[in-house]
Chemist: 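Structure in structure tokens, see below.
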Amino acid sequence: MTDALKKLIEAAKTANPTPEHREEQRRSFVYGNTHFENALITREMVNREAENLAKESKEEK
């Protein structure tokens with residue numbers, strides 16, 4: 001492993017992503033895993049369902 005890669009790994013360990021970035025990563029993960037199994041799944045579908053879930057969650061509070 002190069003020194004540059006070691007430095008990047010150490011920096012990543014201390015990174016503190018914003019809630020928006022975490023949500024973006026979550027949606028990307030969901031899309032990647034669902035699209036792999038079903039090519040008909042689109043990013044728009046994932047985003048729409050995530051928004052619906054967020055709305056439902058707010059309504060429950």
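Not measured: the values here are computed from a predicted model.
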Chemist: For the atom pair NZ (K55) and CG (L53), what is the distance rounded to the nearest 0.5 Å?
Modeler: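 Going from NZ on K55 over to CG on L53, the span is 11.0 Å.
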
Chemist: Using every non-hydrogen atom in the two residues, find where A50 and R26 come nearest and quote the distance to one decimal.
Modeler: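 The answer is CB-NH2, 3.8 Å.
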
Chemist: State the CD-OH distance between E49 and Y31, to the nearest 0.5 angstrom.
Modeler: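 With rounding to 0.5 Å, CD (E49) is 15.5 Å from OH (Y31).
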
Chemist: Is R27 salt-bridged to E23, going by a charged N under 4.0 Å from an acidic O?
Modeler: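 Yes.
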
Chemist: Treating N33 as the side-chain partner and F29 as the backbone partner, does any N or O pair qualify as donor plus acceptor under 3.5 Å?
Modeler: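 Answer holds: yes.
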
Chemist: Determine whether M45 and L40 make a side-chain contact, defined as any pair of heavy atoms from C-beta on separated by less than 4.5 Å.
Modeler: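 Contact flag for M45/L40 side chains = no.
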
Chemist: OG1 of T2 to CG of L8: how many Å apart, nearest 0.5 Å?
Modeler: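 Atom-to-atom, T2:OG1 and L8:CG are 8.0 Å apart.
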
Chemist: Hey, are the side chains of H21 and Q25 touching, using non-hydrogen atoms and a 4.5 Å cut-off?
Modeler: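 H21 reaches Q25 side chain to side chain.
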
Chemist: So that I can tick it off, tell me whether E10 and K13 are bridged by a salt bridge, with the cut-off set at under 4.0 angstrom between side-chain N and carboxylate O.
Modeler: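 The answer is yes: the pair qualifies as a salt bridge.
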
